[in-house]
Amino acid sequence: MNAKYCPLCAMKKFTNSFRLNTEVTEKYNNGVALTPPMGWSSWNLFKYKISEDLIKEIAVAMKESGLGEAGYKYVNIDDCWQNSSRDENGKLQTDFITFPSGIKALNDYVNSLGLKLGIYSSNGTHTCEDYPASLGNEKIDADTFAEWGVEYFKYDFCHNVPIPTVAPRIIKISLGEKYGKEIFEATAKDAELSGRACLVKDDKAEGGFCIKGLCANSGIAEFKNIDVEEAGTYVLTLTVSKTKKDKKQKKFLQLP
């Protein structure tokens, strides 16, 4: 080994050669992320045995112990705060027994102690403990959490299912009475198209055309002037094209 070789000196020389210095002005000093988000979460200790009284007790303990002043600002509610069903407007709601006052009132209480409240959901059909989750309900849940005033969000990945982005090619739509006669029909050529939606020739399709380009909401097909004589229950049938590449896919859809 070379006695004159200094590994530490060599490392300093290497790092200094790649050092980038920049002035920090008042313009960028907005106070954001001076410390990482720190706090407490209910899952590891209490799992599903949580309630609003418990969350209040934890918040008071964090306040009185000085954790809040040390930077531990977040009191995070994990899974099992939810009711087993959404309300009549599709919004998440709390368990009526364990969180009777609701998240908004609990958030106000935690905020009054100088702390912040966090909440939990999952990017799936259900949460890890099989409560209603946010897949397909992302906007309404985000709006609900904002309405409640929560300031931290844990998003799990339990029960996630892929959302198909490839839309079938539309041949026609028809409207009929339930288990009765058809009262309206329109082929692909009758639609008003926008975005990437377009007509393509299909000799096997009724009308000789189908609509493609509807994938991932990149195109829109509108069928207008659909009239029925009276209010009631009707069935909308969507007929789609079948190609060699998607033999295993179902190609029939009815919407009441």
Side-chain angles (χ1 to χ4, degrees), residues 24-163:
V24 177
T25 65
E26 190 66 27
K27 178 180 178 181
Y28 299 102
N29 186 19
N30 60 7
V32 174
L34 297 179
T35 59
M38 299 189 296
W40 174 90
S41 181
S42 63
W43 184 257
N44 285 348
L45 183 59
F46 296 103
K47 293 184 169 56
Y48 60 89
K49 297 178 181 179
I50 58 175
S51 67
E52 66 179 52
D53 289 337
L54 173 67
I55 300 302
K56 287 181 178 180
E57 290 176 11
I58 294 295
V60 170
M62 291 177 65
K63 170 71 173 180
E64 294 180 348
S65 66
L67 282 172
E69 293 182 0
Y72 293 85
K73 295 289 188 182
Y74 294 96
V75 184
N76 296 332
I77 308 170
D78 211 285
D79 205 352
C80 303
W81 61 268
Q82 311 92 324
N83 189 283
S84 59
S85 62
R86 293 173 177 266
D87 69 11
E88 65 274 11
N89 298 313
K91 291 185 176 182
L92 289 169
Q93 52 188 350
T94 58
D95 186 293
F96 299 146
I97 297 176
T98 54
F99 289 85
S101 302
I103 298 299
K104 178 66 170 66
L106 181 56
N107 180 75
D108 291 343
Y109 179 83
V110 171
N111 285 170
S112 72
L113 299 175
L115 302 172
K116 299 179 180 182
L117 191 72
I119 208 162
Y120 164 97
S121 188
S122 179
N123 181 25
T125 56
H126 297 83
T127 68
C128 297
E129 295 298 309
D130 297 325
Y131 286 92
S134 297
L135 184 65
N137 297 284
E138 290 85 356
K139 185 179 187 306
I140 190 172
D141 289 355
D143 290 343
T144 300
F145 297 151
E147 180 183 323
W148 291 342
V150 294
E151 298 172 278
Y152 191 96
F153 181 47
K154 175 183 174 181
Y155 206 27
D156 224 327
F157 207 66
C158 286
H159 299 294
N160 177 264
V161 293
I163 299 176

Derivation and outcome, side-chain contact (heavy atoms from CB on, under 4.5 Å), residues Leu135 and Val161: CA-CA 8 Å; Leu135 184 65; Val161 293; 3.4 Å; yes
Approximate separation, where rounding is to 0.5 Å, of Tyr120 OH and Cys80 SG: 8.0 Å
Student check: side-chain heavy atoms of Thr94 and Glu52 closer than 4.5 Å: no
Atom pair OG (Ser122) and CZ (Phe157), whose distance is rounded to the nearest 0.5 Å: 8.0 Å
Partners meeting salt bridge (Lys or Arg N to Asp or Glu O under 4.0 Å) with Asp79 (sequence neighbours left out): none
Residues that Cys128 engages under disulfide (SG to SG under 2.5 Å), provided they are two or more places apart: Cys158
Sequence-distant partners of Asp95, salt bridge (Lys or Arg N to Asp or Glu O under 4.0 Å), two or more places apart: none
Derivation of the side-chain contact (heavy atoms from CB on, under 4.5 Å) call for Thr127 and Gln82: CA-CA 10 Å; Thr127 68; Gln82 311 92 324; 3.4 Å; yes
Phe145 and Phe153 aromatic ring geometry - parallel, tilted or perpendicular at 30°/60° bounds: tilted
Summary of ring-ring contact (aromatic ring centres under 6.0 Å, His included) pairs that have at least one residue in residues 36-76, sequence neighbours excluded: Tyr74-Tyr152
Salt bridge (Lys or Arg N to Asp or Glu O under 4.0 Å) partners for Asp156, two or more places apart: none
Nearest-0.5 Å distance, OG of residue Ser84 to CD of residue Gln93: 8.5 Å
OG on Ser121 to CD on Glu138, rounded to 0.5 Å: 9.0 Å
Atom pair CG (Asp78) and CD1 (Ile119), whose distance is rounded to the nearest 0.5 Å: 10.5 Å
side-chain contact (heavy atoms from CB on, under 4.5 Å) between Ile77 and Leu117, worked out: CA-CA 8 Å; Ile77 308 170; Leu117 191 72; 3.9 Å; yes
Verdict with supporting geometry, Trp81 and Leu92, side-chain contact (heavy atoms from CB on, under 4.5 Å): CA-CA 10 Å; Trp81 61 268; Leu92 289 169; 4.1 Å; yes
Partner set under salt bridge (Lys or Arg N to Asp or Glu O under 4.0 Å) for Glu69, not counting sequence neighbours: none
Close side-chain approach of His159 and Asp130, heavy atoms under 4.5 Å: yes
N/O donor-acceptor pair under 3.5 Å between Asn89 side chain and Lys91 backbone: no
Lys73/Glu151 salt bridge by N-O under 4.0 Å criterion: no
Asp53 CG to Glu57 CD distance, which is reported to the nearest 0.5 Å: 6.5 Å
